[in-house]
Amino acid sequence: MAERGLETKYRIAETAMALFLEQGYESVTVEAVADASQVSRRTVFRHFDGKDELAFPDHSARLELLARHLVKPTGGRSPVDVVVAATEVVMLDFLSRPELVLQRYRLTRVVPELRRREVLENERYVALTRAYLRDRLPADGPAFLPVALSALIDAMHRSALGNFARSGGTADAYAELKEGMEWIRRMLAEEPAAGSPLLFAVLPDTAAARHALSVLRGEAQDLL
């Protein structure tokens, strides 16, 4: 029964997004979505609190997935490795419904209201990883480190998923994410320059460092 309800939720969302793309977001009513989905208006609101949630049927469940992986036994892994592993699980969950990712990407490029909602949804993920790192990283480390690391990990994730969407689903988002996570591990493993109090203030002038900074600049522009 639960699985049937979940499939109904996704069917409503996919129908809604198709209508939004065809007819314009402002022109489509919840009633029109219900009719096209062959369900009642009440059923739509059983799964979604409002029209602006119709494009995000998966985010609450995925947030719970991330939270579950952050409370699992660490098995001796560092806090950063735990967050990295959880982020990789989240990516695989996104990729389990590639058409939803592609359809939502097209929609959020043309509907500013949904783009803003997507940014807010993403911040919920970042807030979880930031809080996890803040509670578990060494207390004598730089105060900015939980914020910086959670933002960097999220930037790698969003970059890989964005490239997947822009390529029409042909790019290997998981491989790109893994590469980015390995770069973060290498950066953390490097010995800081003598007397340097900052971890991220100075980076080696390499192709990988330039790519990471480019990703962060792109993500910052998206939030403006």
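Classified by interplanar angle (parallel below 30°, tilted 30° to 60°, perpendicular above 60°), the ring pair His157/Phe94 is tilted.
Side chain of Arg124 to main chain of Glu121: no donor-acceptor pair is present (N/O by atom type, distance under 3.5 Å, no hydrogens or angles). Judged by distance alone, the side chain of Ser159 and the main-chain N or O of Met156 form no donor-acceptor pair under 3.5 Å. Not one N or O on the side chain of Lys51 forms a donor-acceptor pair closer than 3.5 Å with the backbone of Thr29. Using modelled atom types, one side-chain atom of Arg11 and one backbone atom of Ser37 make a donor-acceptor pair closer than 3.5 Å.
Side chains of Glu123 and Val119 form no contact here, defined as non-hydrogen atoms less than 4.5 Å apart. Side-chain contact between Leu66 and Leu70 is present, with heavy atoms from C-beta onward closer than 4.5 Å. For the pair His47 and Glu53, the minimum side-chain heavy-atom distance is 4.5 Å or more. Inter-residue side-chain proximity for Val147 and Arg134 is flagged as met; some heavy-atom pair is nearer than 4.5 Å. The side-chain heavy atoms of Pro57 and Leu100, taken from C-beta on, include a pair separated by under 4.5 Å. Side-chain contact between Val44 and Leu54: present, with at least one pair of heavy atoms (C-beta onward) separated by less than 4.5 Å. In this structure, the side chains of Leu177 and Met181 come closer than 4.5 Å at one or more pairs of heavy atoms. No side-chain heavy atom of Val30 sits under 4.5 Å from any side-chain heavy atom of Phe48.
No more than 12 heavy atoms of other residues, nucleotides or ligands shown are found within 6.0 angstrom of CD on Gln38. Around atom CD of Glu31, more than 12 heavy atoms belonging to other residues, nucleotides or ligands sit under 6.0 Å away.
Cluster annotation: Val89 is not connected to Tyr174 through the hydrophobic network of ILVMFWY side chains, with a link wherever side-chain heavy atoms come within less than 4.5 Å. Linking ILVMFWY residues whenever their side-chain heavy atoms come closer than 4.5 Å, directly or via other members, places Val101 and Leu95 in the same cluster. Under the 4.5 Å side-chain heavy-atom criterion for Ile, Leu, Val, Met, Phe, Trp and Tyr, Ile184 and Val82 are members of the same hydrophobic cluster. When the side chains of ILVMFWY residues are joined at heavy-atom separations under 4.5 Å, either directly or via intervening members, Ile153 and Trp183 end up in a single hydrophobic cluster. Following chains of ILVMFWY side-chain contacts shorter than 4.5 Å, one can reach Phe20 starting from Phe45, so the two form part of one hydrophobic cluster.
Heavy-atom minimum distance, Ser150 versus Val126: OG-CG1, 4.1 Å. Closest heavy-atom contact between Pro73 and Arg77: O-NH2, 3.7 Å. Here the closest non-hydrogen pair linking Leu19 and Ala36 is CD1-CB, 3.8 Å. Contact between Ala173 and Phe164 at its shortest, heavy atoms only, is CB-CB, 3.8 Å.
Salt bridge status for Asp81 with Arg185: present, with a side-chain N to carboxylate O gap under 4.0 Å. The existence of a salt bridge linking Arg109 and Glu118 is confirmed by a sub-4.0 Å separation between a basic side-chain nitrogen and an acidic carboxylate oxygen. Glu7 has a carboxylate O that lies under 4.0 Å from a charged side-chain N of Arg97, or vice versa, which qualifies the two as a salt bridge. Salt bridge absent: Arg116 and Glu113 never bring a charged side-chain N and a carboxylate O closer than 4.0 Å. In this structure, Asp58 pairs ionically with Arg104, as a charged nitrogen and a carboxylate oxygen lie closer than 4.0 Å.
Summarising the geometry, atom CG belonging to Leu133 is positioned 8.0 Å from atom CG belonging to Leu145; distances are rounded to the nearest 0.5 Å. Atom OH of Tyr105 is separated from atom CE of Met17 by 15.0 Å, given to the nearest 0.5 angstrom. Distance check, rounded to the nearest 0.5 Å: CZ of Arg62 to OG of Ser96 gives 6.5 Å. The structure places CD of Glu182 at 9.5 Å from CD of Glu179, a figure rounded to the nearest 0.5 Å. For the atom pair CG (Leu137) and OG (Ser78), the distance works out to 8.5 Å, reported to the nearest 0.5 Å. Separation of atoms CZ (Arg115) and OG1 (Thr108) is listed at 6.0 Å; rounding is to 0.5 Å.
Evaluation of the ring-ring contact (aromatic ring centres under 6.0 Å, His included) test over residues 111-134, restricted to residues two or more places apart or in two chains, returns His59-Tyr125.
For the side-chain contact (heavy atoms from CB on, under 4.5 Å) test with Asp154, the passing option among Val83, Asn122, Thr87 is Asn122; the others fail.
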